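The structure under discussion appears below in the form of structure tokens.
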Protein chains: 2
Amino acid sequence: MAHVVTASCPEERIVRAVERFRAVLYGRDLRMTSVREAIVRAALEYDGHFHVQELARVLQERGLRDASVATVYRAMPLLVEAGIVQPALVSAGDEQRYEAAFERPHHDHLVCTQCGDVVEFHDEVLETLQRVIAERYGYELTGHVHELLGCCPKCRKKKR
Amino acid sequence: MAHVVTASCPEERIVRAVERFRAVLYGRDLRMTSVREAIVRAALEYDGHFHVQELARVLQERGLRDASVATVYRAMPLLVEAGIVQPALVSAGDEQRYEAAFERPHHDHLVCTQCGDVVEFHDEVLETLQRVIAERYGYELTGHVHELLGCCPKCRKKKR
DNA sequence: ATCCTTGCAAAGTCTTTGCACGGGA
DNA sequence: TCCCGTGCAAAGACTTTGCAAGGAT
């Protein structure tokens, strides 16, 4: 299929992400490379949560511009710093998981411990409450790890 | 020093914990051993959060009843099941951390990303809100991972 | 031309597992 | 006595790192 500009235009978003990444690299005297650009693209095009080995596998299957696992491992901290991706799903296995973060609103996760299904949610009251609690102890809140664990509707039906 | 019964009597709490552990083991046709009892004691006497290697080191330094790292690794899932300890501090390093849970109220953690200082907090509104959010998506909440990350009062002063 | 980047393989960590002996009930 | 528990060492899994060749500015 030829190049298509859709309504939400994912291609332009990726271009902006690459540009931001270039700026972050420039600011640290690092270089933009075709491999790094491929990693940014793969990370943003990936649907859902992924880990490093998985992203490397995708890149190698495409074959266009592959990246070794080591290179992807080395790139991830930079992608996080640039806001392209963010760590996610801490309660899922050994590997560090990530998800696209560029031009996406903040959210937390609700995970089904039975089937692994994941729902993203956002609640402003919750965000505020966390800040209030931190201030209660004199802390300045800079981030949080928050994951709700439960049983999803489908699995609840099955159990009956 | 001779055996001393203090006001809060930590010794009796440990005895109750050992008994509960014995019951859980019995229910699964497993056996209480002196090594497992030593692990329960060490876990409950440990002040703060620990990981497996650390607990094993403590047990070996005492020398009374040492336990190999492998044995402690094998025991932890059982201690969790018995409610003696619980996983904690997910955002701190590679190793799985634990903390005493027996006869202690539920709480979450507020961690200083500068100095590593940890504050335990509990907020009933927060607990309820999480349940409400889960129900909003038809989920039955069974647990959560929640860690607030920030800058503690001391580190905030230093930065100025 | 300089020096960062990459792939490969080796090394590091944390955790799990196989095995033979020791110990609990 | 039966069979689980334990220590030791080996194996696994994920991640990091050393090194020499390749690529970006």
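Labels below follow one simple rule: chain letters A, B, ... track the order of the sequence lines, proteins then strands, and each chain is numbered from 1. Just so we're clear, the structure is a prediction, and the values are computed from it rather than from any experiment.
- L110(A) and L89(A) fall into different hydrophobic clusters, where Ile, Leu, Val, Met, Phe, Trp and Tyr residues are linked whenever their side-chain heavy atoms come under 4.5 Å apart, directly or through other members.
- Regarding D94(A), its CG atom lies at a distance of 8 Å from the P atom of dT16(C), rounded to whole Å.
- Between F50(A) and Y46(A), the ring-plane angle classifies as tilted under the 30° and 60° cut-offs.
- One atom, CE of M76(B), and another, P of dG5(D), lie 16 Å apart when rounded to the nearest Å.
- If you take CD of E54(B) and P of dC14(C), they are 12 Å apart, rounded to a whole angstrom.
- The phosphate of dC4(C) (OP1 or OP2) has no side-chain N or O of T33(A) nearer than 4.0 angstrom.
- Listed nucleotides dT6(D), dC14(D), dT15(C) differ in distance to V35(B); the shortest reach to its side chain belongs to dT6(D).
- Note on E45(A) versus R62(A): salt bridge recorded, some NZ/NE/NH1/NH2 to OD/OE distance being below 4.0 Å.
- Per the geometry, CZ belonging to R31(A) stands 5 Å off C1' belonging to dA24(D), to the nearest Å.
- When rounded to the nearest whole Å, the span between CD of E37(A) and P of dT5(C) equals 15 Å.
- Between the C1' atom of dG5(D) and the CG atom of D29(B) lies a distance of 14 Å, rounded to the nearest Å.
- Across dG24(C), dT17(C), dT16(C), the shortest atom-to-atom separation from the side chain of R74(B) is found for dT17(C).
- Considering only side-chain N and O atoms, T71(A) lies under 4.0 angstrom from the phosphate OP1 or OP2 of dG7(C).
- For L30(A), counting side-chain heavy atoms from C-beta on, the closest listed nucleotide (dT5(C), dT15(C), dA9(C)) is dT5(C).
- Of the two residues contacting DNA chain C, namely Y73(B) and R22(B), the nearest-nucleotide position lying further toward the 5' end is that of Y73(B).
- Taking the six-membered ring for Trp and thresholds of 30 and 60 degrees, Y137(A) and F121(B) have ring planes inclined between 30 and 60 degrees apart.
- A donor-acceptor pair under 3.5 Å is absent between the side-chain atoms of R16(B) and the main chain of F102(B), judged by distance alone.
- Comparing M32(A) and M32(B) against DNA chain C, the residue whose closest nucleotide sits nearer the 5' end is M32(A).
- Distance from the side chain of E95(B) is smallest for dT15(C) among the nucleotides dA9(C), dT15(D), dT15(C).
- One can place CG of L25(A) at 13 Å from P of dC4(C), the figure rounded to the nearest angstrom.
- Q53(B) comes within 4.0 angstrom of a base, heavy atoms only.
- In this model, the phosphate group of dC4(C) is not approached by any side-chain N or O of R28(A) to a distance below 4.0 Å at OP1 or OP2.
- Rounded to whole Å, atom P of dG23(C) lies 12 Å from atom CG of D66(B).
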